[in-house]
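Numbering of ligands and ligand atoms starts at 1, following listing order. Side chains are part of it too, since the values below use all heavy atoms of this structure and drop only hydrogens, waters and symmetry mates.
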Amino acid sequence: MSNANNTAVIFPGATLGVLGGGQLGRMFAHSAQAMGYFTAVLDKDETSPAGLVSHHHIRTGYEDAQGLAELAQLCAAVTTEFENVPAAALNKLAESLPVSPTGSAVAIAQDRAAEKSHFVKCGVPCAPYAVIETLAQLAAVNDALLPGILKTARMGYDGKGQIRVKTREELAQGWAELGHVACVLEKMLPLAHECSVIVARGRNGDIVNLPVQRNLHREGILTVTEVYEGNLPVTQVEQAIAAAKSVAIGLDYVGVLCVEFFVLDNGQLVVNEIAPRPHNSGHYSQNALDVSQFDLQVRCMTNLPLTQPRQHSATVMLNLLGDLWFKDSDVAQSPAWDQILALPGAHLHLYGKVDAKRARKMGHLNITAATAEQARATALKAAEILGIEAF
Ligand code: ATP
Ligand code: MG
């Protein structure tokens, strides 16, 4: 019998499971444990950031029947931290316990083509695009989509699986480079900036949102998130929140969902993509809001009440990539955390990853302050100490 729609509250003392052992799973485990839950992580990596801090660590792949059975046995509810976890694994677990988000919602977020049709269905504008799965579709591409970005429909993250193309020749060549897998060609849009909205929705349909995050990406990877009053014009803030909620409601979503947007030069808001889990751009919530995105993930999966997050500090988040470990030498060296922690309002979060590698997300730094000006000034000082280019 499926009890996936169970709306009974799961009280602290129970064990909560998460598929995926990355940093998002680690911070989920921290939130769950702070509320008195036990945690179980399924990830085959021995030293996964979440596995290292969880009460239980099941070291199997996502499709391992025995691993999934063990997780179902241990847990009262399960969530995911990894967007490319097979939907079939979530569906299998949902036969015996509540799973949020559902396999069907995750399957849509995993496929750029399905995701874009969902945006269209919800009446939320996205970049003009074409699906390319066959040579005929390649030949039929409208010139108006060039220059564009060719993105693999599945398994992309941090700008991976993307090629920028200016001409039809580059498009054909790019598709070959991507191995002729299913792709989406998106028109290259003139971006004024980028933002994202995180919403949390319960099984009873209650929905709350984090304040709108203003994001700066460099080389396809999130670098800085700024959240304070005035980070974006009020009309864009309202539009982004309304659009994010309709995308979540349209999916009948349960859990934490991030919706990423582009703000174009002409002020128009365009949805980029969704992530069916807490998001890097929401990490500031740990120190600047009265409830974090990970606390909300716990509340959603246990049917505890969702309260609208209140921001108590202006904040700037800096992502800490492995590159910072190689600022002065080819051998990894710990950045000057002593200097960073001398800055008022600096909150250091490191994910316990053993090896620093370039472009690898090692941690993040949340700077909080009474005003936006102070938060920015301190964050710029931190960036200078760490060797992050000013923003
Ligand atoms: P992540 O998983 O980190 O969110 P991703 O690999 O899924 O990234 P996208 O979000 O699609 O990739 O794109 C990464 C970045 O590339 C965007 O944040 C934006 O800066 C730029 N970009 C993507 N699509 C477009 C577009 N159509 N026009 C202009 N810039 C774009
Ligand atoms: Mg993205």
Side-chain angles (χ1 to χ4, degrees), residues 20 22-24 80-85 106 108-116 118-120 124-132 141-142 144-166 170-171 174 178 181-198 212-226 232 240 244 247 256-283 293 317-322 359-362 364 389 391:
Q23 60 265 19
L24 300 176
T80 175
E81 64 106 43
F82 176 60
E83 138 177 31
N84 289 318
V85 67
V106 171
I108 290 175
Q110 283 172 349
D111 184 323
R112 289 189 194 274
E115 190 176 66
K116 285 188 176 5
H118 179 69
F119 298 147
V120 173
V124 176
C126 60
Y129 72 100
V131 175
I132 301 180
V141 159
N142 192 324
L145 293 179
L146 296 170
I149 307 188
L150 185 65
K151 304 180 177 182
T152 57
R154 304 180 65 83
M155 301 304 264
Y157 69 98
D158 289 347
K160 293 189 178 73
Q162 301 197 1
I163 298 182
R164 297 182 175 216
V165 292
K166 290 200 195 71
E170 285 181 12
L171 172 61
L178 294 173
V181 297
C183 281
V184 163
L185 174 69
E186 255 179 61
K187 186 177 171 63
M188 174 78 87
L189 299 173
L191 311 190
H193 38 255
E194 297 186 56
C195 66
S196 54
V197 177
I198 290 166
V212 178
Q213 295 109 209
R214 179 177 172 139
N215 303 323
L216 171 70
H217 291 80
R218 285 184 181 148
E219 292 171 37
I221 305 183
L222 182 66
T223 309
V224 184
T225 294
E226 300 184 53
L232 286 162
V247 167
V256 171
L257 177 78
C258 179
V259 185
E260 292 183 64
F261 298 92
F262 299 140
V263 180
L264 307 189
D265 280 350
N266 64 6
Q268 199 199 334
L269 190 77
V270 168
V271 62
N272 172 22
E273 60 173 355
I274 57 177
R277 48 167 175 77
H279 192 258
N280 196 165
S281 64
H283 290 353
Q293 60 172 349
M317 183 222 58
L318 303 180
N319 247 357
L320 304 172
L321 299 182
R360 188 175 201 198
K361 289 176 178 170
M362 301 298 290
H364 62 276
E389 197 189 314
F391 47 88

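- Checking only distances, Ile149 never comes within under 3.5 Å of ligand 1, N or O to N or O.
- Counting heavy atoms closer than 4.0 Å to ligand 1, residue Arg112 contributes side-chain atoms (C-beta onward) but none from N, CA, C or O.
- For the residue pair Asn319 and Lys361, no side-chain donor N or O sits within less than 3.5 Å of a side-chain acceptor on the partner.
- Considering only heavy atoms from C-beta on, Pro125 stays 4.5 Å or farther from Leu269 through its side chain.
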**OP:** Mind running side chain to side chain donor-acceptor pair (under 3.5 Å) on Ser196 and Gln213 for me, showing each step along the way?
**Re:** CA-CA 5 Å; Ser196 54; Gln213 295 109 209; 2.8 Å; yes
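- Pro278 is not listed as a side-chain neighbour of Ile198, based on a closest heavy-atom distance of 4.5 Å or more.
- Under 3.5 Å, the side chains of Gln293 and His279 contain no donor-acceptor pair of N or O atoms.
- Proximity of Leu191 to ligand 1, defined as any heavy-atom pair under 4.0 Å, is confined to the side chain (atoms from C-beta onward).
- At a 4.0 Å heavy-atom cut-off, ligand 1 does not touch Asn215 at all.
- Atoms of ligand 1 lying under 4.0 Å from at least one heavy atom of Glu260, given by number and element, are 4 (O).
- For ligand 1, the atoms sitting less than 4.0 Å from at least one non-hydrogen atom of Asn272 are 9 (P), 10 (O), 11 (O), numbered in the order shown with element in parentheses.
- The CZ atom of Arg112 sits 12.0 Å away from atom CG of Leu185, with the distance rounded to the nearest 0.5 Å.
- Contacts between Arg164 and ligand 1 below 4.0 angstrom, taking non-hydrogen atoms only, involve the side chain exclusively.
- With a heavy-atom cut-off of 4.0 Å, Lys187 touches ligand 1 through its backbone alone.
- Nearest heavy-atom pair, Phe261 versus Val271, reported as atom, atom and distance to 0.1 Å: CD2-CA, 3.7 Å.
- Comparing Glu194, Glu186, Glu273 by heavy-atom distance to atom 20 (O) of ligand 1, the nearest is Glu194.
- Residue Lys151 has at least one N or O atom closer than 3.5 Å to an N or O atom of ligand 1.
- Residue contacts with ligand 1, taken as heavy atom pairs separated by less than 4.0 Å, involve Met188 via backbone and side-chain atoms alike.
- Comment: Glu273 does not engage Lys116 in a salt bridge, judged by the lack of any side-chain N to carboxylate O separation of less than 4.0 angstrom.
- Of the candidates Lys361, Met155, His217, Gln162, it is Gln162 that places a heavy atom closest to atom 9 (P) of ligand 1.
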